[in-house]
Amino acid sequence: MSNGVNVSSGPRNWWRNAVIYQVYPRSFADANGDGTGDLAGVRSRLPYLARLGVDALWFTPWYRSPQNDGGYDVADYRDIDPVLGTVEDAEALIAEALEMGIRTIVDIVPNHVSSEHEWFAEALAAAPGDPARDRFWFRDGRGESGELPPTEWTSSFSGPAWSRLDDGQWYLHLFAPEQPDLNWSHPDVVAEHEAVLRFWYDRGVAGVRIDSASMLVKDPDLPEVGDHEPGGHPHNDRDGVHDIYRRWRKIADSYAQPRVLVGEVWLPEADRFARYLRDDEMHMAFNFDFMTRGWDAETLRESIETTLATHRDVGAPPTWVLSNHDITRPVTRYGRRDSSFSFETKRFGTPTDLERGARRARAAALLTAALPGVLYVYQGDELGLPEVEDLPAEVREDPMHHRSGGVDPGRDGCRVPLPWTSGGKAFGFGGPPWLPQPADWGRYAVESQLADPDSTLSLYRRVIGLRRELRDADFAWIPTDPQVLAFRRGEDLTCVVNFGDAPAALPDHAEALIASARLEDGRLPGDAAVWLRTRPSHQ
Ligand code: GLC
């Protein structure tokens, strides 16, 4: 064990312009050939990540877990899931990455634990009314014999948010039944999470991504969800949740190299979202507003404007996210007639034009990389991987799919293991992958793309490199026709994105630095983006 690892002597504000790469460890690289990615696999691919130019890795949960929700059902925070490796492997990975200048962010899932967590086992073994149940939300049901759940609340994974035990009591789970919600008014719950933060900070992680961050605090009276004042929803975005993050911020700030808090905060109201980013709370939160919008100049301009204004008010950097392990891959999504994203409308059989989606996803990469703040890249998006939409029913694992009765395709399609080599076993991933890769995935493989200067991987590598120059350069829109977005970063760089069909004229410039598609007679084709150097570089 290596307590007190120094997270490098780098600048304290490294995160404000960082590129953060999301690793879904089960699907990244499989070193031991069992078909599931592992930490040794990630270690073996660190040179790839260093060459890509990322500043930090965010790992979705790597802890011991029965994997009922891809690891978001944590059984033991102080242990690594045996399928992925050991705590020693994690320590070695953190240290080796750091030597290459890459920091590590781990995922903390404070809203719930796995039903196999020792606290829940204790609660189940105890009788109704026993204090061992107070760390969760156990209640008697409604109806004559308690046969109705305590409330009508629904789970994010379909169906009721309550499950009943043989002894008649019900327990709350806002996600799957295997993910019982914790009671954050219980002192053990508060203390345990603070200890877990220190456990990982002491092992050198640079920060935490906080899962379902707005959902922790519940109204103990358990009212139904109805009309309510801001902050008055019974189980989301309650004002008390901010006290938790203020305490976490103090812990993060107590380290010589302060740790960073990143929130998964799904809230439609920009002002409620911004409250999580006040200067004594989180450092940043995922910009889902931008991520879920369709490929359209006006709607994206509006999101960018709101994002910049909201973050300016609280002094936090905006984040730009095109996808993650929950979201349809951009190549597939942007090829659809309605290219916005929502969990509610995701259905099988929605047509897509992958060629068009790929063009747009490349343009979106240039757009997001040019915007001020933090860029998140989900593994495989740098390869332009499409969503795998035709996975056979029997291999799908996601509870979102299964609990919807098979109506919702679920999230397995964006979690298929990465192709590393253009041929060979599992395209260089390792053993036979836990989710099968499509037969044509060799064309997306890292190996194939490295050899091609026009590949999406080459585009990502170059733009991540160029982005370093931008740092805190100011942002200003440049007036254009409605199908085009154009803005300046500082004096030197202009980014232009054409959402229309017809090629667009470019503003005056000295040089085109990088383009997502070949310019046509000096004009930018539709569904493409370009970075222009506005002044000759010798000035
Ligand atoms: C977050 C995670 C998602 C998980 C859910 C429950 O939304 O991103 O993958 O299923 O929380 O933990």
Side-chain angles (χ1 to χ4, degrees), residues 20 22-28 58-75 77 81 105-117 120 136 153-159 161 163 172-182 184 189 193 196 208-216 218 235-237 241 261-268 273 276 282 284-289 291-292 319 321-329 341-344 346 376 378-381 387 396-404 408-416 435:
I20 302 181
Q22 181 188 354
V23 179
Y24 194 76
R26 295 202 293 163
S27 301
F28 188 74
W58 149 37
F59 288 88
T60 57
W62 57 16
Y63 319 105
R64 186 181 283 276
S65 162
Q67 305 288 337
N68 283 304
D69 181 22
Y72 283 95
D73 46 326
V74 179
Y77 271 112
D81 195 87
I105 292 175
V106 295
D107 216 310
I108 298 291
V109 192
N111 181 67
H112 44 266
V113 288
S114 159
S115 50
E116 292 185 18
H117 189 281
F120 198 67
F136 299 91
W153 299 359
T154 49
S155 148
S156 300
F157 293 163
S158 314
S163 286
L172 176 67
H173 52 85
L174 291 176
F175 294 93
E178 296 83 6
Q179 294 167 295
D181 276 50
L182 289 165
W184 271 87
V189 173
H193 281 83
V196 165
V208 292
R209 176 261 189 193
I210 307 163
D211 187 72
S212 308
S214 62
M215 298 167 72
L216 279 46
K218 277 91 185 174
H235 59 73
N236 195 14
D237 190 33
V241 80
L261 308 177
V262 186
E264 189 207 17
V265 182
W266 285 90
L267 292 175
F273 174 86
Y276 291 78
M282 298 176 187
M284 58 177 133
F286 298 108
N287 186 353
F288 293 132
D289 179 76
M291 182 186 74
T292 51
T319 66
V321 188
L322 291 174
S323 79
N324 64 33
H325 64 290
D326 296 329
I327 308 299
T328 309
R329 292 266 190 197
F341 177 84
S342 87
F343 288 109
E344 291 72 27
K346 196 173 166 187
Y376 278 84
Y378 173 50
Q379 72 177 39
D381 279 358
E387 183 86 358
R396 290 182 188 264
E397 288 199 359
D398 186 8
M400 209 176 231
H401 168 67
H402 291 295
R403 289 180 56 78
S404 74
D408 182 331
R411 301 162 296 177
D412 294 301
C414 64
R415 300 174 177 178
V416 172
L435 287 173

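Please read these numbers as outputs of a predicted model, since none were measured by experiment. Whatever order the structure lists ligands and atoms in, that order sets their numbers, starting from 1.
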For this session: Could you tell me the residue and atom name of the protein heavy atom closest to atom 9 (O) of ligand 1, and the distance to it rounded to 0.1 Å?
Result: Asp326 OD1, 2.7 Å
Exercise. What residue and atom, counting heavy atoms only, is the protein's closest point to atom 2 (C) of ligand 1, and at what distance?
Worked result: Asp211 OD1, 3.1 Å
For this session: Please write down residue, atom name and distance for the protein heavy atom closest to atom 10 (O) of ligand 1.
Result: Asp69 OD2, 2.6 Å
For this session: Please name the residue in the list Ser155, Ser156, Ser163 that meets the side-chain hydrogen bond (donor to acceptor under 3.5 Å, both in side chains) test with His173.
Result: Ser163
Exercise. Does Phe157 have a heavy atom less than 4.0 Å from any atom of ligand 1?
Worked result: yes
For this session: Would you check if the side chain of His401 reaches a backbone N or O of Asp408 as a donor-acceptor pair within less than 3.5 Å?
Result: yes
Seminar exercise, completed: The atoms of ligand 1 lying under 4.0 Å from a heavy atom of Arg411, numbered in the order shown, are 3 (C), 4 (C), 9 (O), 10 (O)
Exercise. Checking Tyr77 side chain against Val109 main chain: does a donor-acceptor pair fall under 3.5 Å?
Worked result: yes
Exercise. Backbone N or O of Gln179 within a donor-acceptor pair of the Ser115 side chain at under 3.5 Å?
Worked result: no
For this session: Taking all non-hydrogen atoms of both residues into account, name the closest pair between Leu322 and Met291 and its distance.
Result: O-CG, 3.6 Å
For this session: Work out whether the distance between some heavy atom of Met400 and some atom of ligand 1 is less than 4.0 Å.
Result: no
Exercise. Nearest to atom 7 (O) of ligand 1 by heavy atom, Met215, His325, Glu264, His173: which?
Worked result: Glu264
For this session: Could you tell me which residues satisfy side chain to side chain donor-acceptor pair (under 3.5 Å) with Ser323, sequence neighbours excluded, listed by chain and number?
Result: Asp381
Exercise. Hey, is ligand 1 close enough to Ser212 that some N/O pair sits below 3.5 Å?
Worked result: yes
Seminar exercise, completed: A student checking ligand 1 against His112 at a 4.0 Å heavy-atom cut-off should list atoms 6 (C), 12 (O)
Exercise. Excluding sequence neighbours, so at least two apart, what forms side chain to side chain donor-acceptor pair (under 3.5 Å) with Asp237?
Worked result: Arg272, Tyr276
